[in-house]
Amino acid sequence: MKRFIQWLKSPASDFSLFVILLILINLVGGRAFLRLDLTAPKSYSLSPASRQLVKTLDKSVTVQVFFSEGLPAPYNSIEQYLRDILAEYKGASKGRFNYSFFDMTRQENQQLASSYGLQQVQIQQYGDSEVGFKQVWMGAAILYADAIQTLDSLTTSDGFEYKLTTAISKMISTTDTLSALPQGKTFNLTLYLSEDLKGAGIMGMSGLEKAVQAAYDSANKKNGGRLAYTKTSPSAAEVPELAAKYGLSSIPWQSRTGEKGVSTVGLVLEYEGGFKQIPLAIQNVGFGYILAGVDKLEQAIDQAVESFISSPSEIGYVTGHQEPDLENSNSGAAAFKHLVADTYTFKPLDLAADDIPANMSTVVVNGPRTPFTETELYKLDQFLMKGGNVMFFVDPFLEQANQYTRQVQYQPNDTGLAKLFDAWGLTLGKDYILDESCYKTTEGGYGLLSLNWAPMVQKKYINQKHPVSKNLGYVIFFQNGSIDTEQAEKNPDLQVTKLVTSSNRSWLMKDNIMLNPMMITPPSDPAQLKPQNLAVLVEGTFTSAFTEAPAADTNAGDTVQQGTQDSSGTVLSVSNHIAKGVRRGRIFITASSAPTTQLIDDQGQQPVAILLRNATDYLNGHEELCQMRTKGLSLSSIEISSAASVVFAKYFNQFGLALLTALAGLLVWQNRNKRRRRIHARYNPDDERDITTMKKEGTK
């Protein structure tokens, strides 16, 4: 023992002790989880909202991840990201969050993933001499109580935390609401299927009843046994009544023998007097008929149940001024409606007839084309004075095609909203913002064309400090007018945030509007080139644009007629008019309605779609969601001013960096040799080996 202690104290034990230390550190590191996130948007660490959610869990949440191994780039890093971020969730959850990864080479795990409704994803795979496609598993299932939620097609790590946190939050809300329902309250699921359709040769019809039963069993289990299922075969006489009540399809038919009839098929979920129709439709596919929607029955039933028990926030959507239609997916604002549908619902609001409900926190004014009346302006004004929030998308011009020349003419859009903006220190110009940094397209016969009226805003012109626009790398706008905030910035009661501006090579087109890209040239005067505001946020206590309610409103509850006597003869003069904001309000402004009608993609992943969704969340008090949504979206790009710069940057990256690395290595090697010679010359100049070597080389 004594010899062992002496060995420990001696230098001979240093290497062995060092190896033992490394082993112990690895053992501790395998059980303890610690990471430092040095990225600017904190892409690899949890947001405070996610930490708070899992920290306060009452029941356990389990995430089961189904990911194929050996995925090619860029998918090979996603699984590791999921492991790291899920470990963050578990570390913050106090033991109520668990996760597991499944080996997808095993058949039972593939069957389990399929039972959750997950499907394989087709990805592109590059080989040495060919390009192929591969079916892989890239999904996850979230289990909470008896509820199951899936995250399918996880082909990118962008936005994963937002998807997971919102999914867990929604599951908790739904489960808690279901458990709080009185006993005996059920959701009634009814399959209406005419007997005549069963033998009509429609693809998918023969397995419909079995598919509905399976979907019901699964949905009923996930929703706490609160569903009741029945199936009925309506007669021809009952079909018109069902069509009128539920909107079921009325299907007339005629047999080969000349017999005529009418049938129907449909699936309806009812609860407390309301109903939701589960999508089922017979479609003509050219070679016959097919019943569509059978493969997504369980998901559709779950969504219908959720729509009954969830309480999404309502946003007022002002109508009556030829605003884009919320149901029109071509030229309307259906994409905007779909973008926020998971959290908010738009409620049409005709200000000429309706007051803004007291429980509504946000109103959208989107692309009006006709003037507002004083009554309507006053309602918007007083809504803001009471602490409401308004999103304005106001076009500077109306486009009208000349019926003779077919050329587009641009008429100033007079909405009357200028009265409100003037009082708030804002001026929306009758102009278009043009920018040299813009979207470019190639047209046959014309080559590369610059669409100056579609600014492509780079990161340096996007506010990276505000949660609405933080981490966005670029944003494309379309036919925007200018927004002057100079007076609002002088108001100490208001806080003005310029979320997005055009580049310093932008200018305004005010007269003789012509958007033909071949006829647009930048102004010769450099003083006309400067950044312009594209999206602005103003917060604070606003000043009313009115001194009193308009005459049309004096009997509508905003004022009590002055000079009215009460029963004692006292003259009353009472007004509910608010001249100065009593609570902080917020307004988001962009001088174009194009973001809500033309620029939002189907998946809501384009930067302008994320900007609008963040603005909607921010105005509704959900600032914490903005940070989660934009994680990993930051794009650092180099601004190139000329074609020669592009060529230089290309070849410098390909060859220049390698040459610089080699040159640096030569310099280091040369410096080492010089240092070695200096050391020899100073401390051992008479070394016989060096003298002999130098004699042979003839240097001495």
Side-chain angles (χ1 to χ4, degrees), residues 36-44 71-78 80-81 123-131 155-158 434-444 446-452 454-465 469-477 500-507 517 520-522 526 529-531 534 605-608 610-611 630-675:
L36 294 177
D37 189 353
L38 302 180
T39 60
K42 299 301 179 184
S43 302
Y44 300 95
L71 297 179
Y75 309 108
N76 51 1
S77 62
I78 299 175
Q80 185 59 50
Y81 172 84
I123 63 172
Q124 202 168 39
Q125 184 173 253
Y126 296 91
D128 294 335
S129 59
E130 60 181 9
V131 177
T155 56
T156 175
S157 60
D158 293 348
L434 306 183
D435 199 336
E436 287 188 5
S437 176
C438 60
Y439 182 78
K440 295 177 174 60
T441 184
T442 302
E443 294 289 341
Y446 298 103
L448 188 64
L449 297 178
S450 297
L451 307 184
N452 300 101
M456 178 175 281
V457 185
Q458 300 300 324
K459 184 176 181 179
K460 64 182 294 185
Y461 298 104
I462 302 174
N463 192 319
Q464 295 298 320
K465 296 182 179 180
S469 50
K470 187 177 182 180
N471 298 329
L472 293 179
Y474 74 97
V475 181
I476 298 177
F477 279 85
V500 184
T501 63
S502 58
S503 77
N504 55 13
R505 297 290 299 175
S506 59
W507 69 99
I520 297 177
T521 56
L529 299 175
K530 62 179 181 179
L534 291 166
Q605 296 298 316
Q606 289 296 322
V608 69
I610 294 173
L611 178 73
T630 57
K631 280 187 176 182
L633 296 179
S634 182
L635 175 66
S636 299
S637 57
I638 301 175
E639 291 192 18
I640 302 297
S641 58
S642 65
S645 300
V646 174
V647 175
F648 173 78
K650 173 183 176 181
Y651 287 107
F652 178 79
N653 283 310
Q654 288 181 344
F655 307 108
L657 293 176
L659 291 175
L660 288 177
T661 303
L663 180 60
L666 289 173
L667 292 175
V668 170
W669 175 70
Q670 187 178 20
N671 286 334
R672 283 183 176 178
N673 285 338
K674 289 181 178 180
R675 181 170 177 269

K470 NZ to N463 CG distance, which is reported to the nearest 0.5 Å: 10.5 Å
S506 OG to E436 CD distance, which is reported to the nearest 0.5 Å: 9.0 Å
NZ/K440: more than 12 non-hydrogen atoms of other groups inside 6.0 Å: yes
Pairwise distance OG1(T521) to CH2(W507) - rounded to 0.5 angstrom: 7.5 Å
Side chains of S503 and D435, donor plus acceptor under 3.5 Å: yes
Shortest non-hydrogen separation from L451 to C438 and the atoms involved: O-CB, 3.2 Å
Gap separating the CG atom of N653 from the CZ atom of F648, nearest 0.5 angstrom: 9.0 Å
Heavy-atom pair with the smallest gap, counting every atom of T156 and I78: N-CD1, 3.6 Å
Partner of V608 by side chain to side chain contact (heavy atoms under 4.5 Å, CB included), out of V500, V475, I476: V475
Side-chain touch R672/V668, heavy atoms, less than 4.5 angstrom: yes
Intermediate values then yes/no, side-chain contact (heavy atoms from CB on, under 4.5 Å), S437 and V457: CA-CA 7 Å; S437 176; V457 185; over 6 Å; no
Atom pair CG (L611) and CD1 (I462), whose distance is rounded to the nearest 0.5 Å: 8.0 Å
Side chain proximity check, Y474 to Q606, heavy atoms < 4.5 angstrom: yes
Value rounded to 0.5 Å, distance of CG in L659 from CD in Q654: 12.0 Å
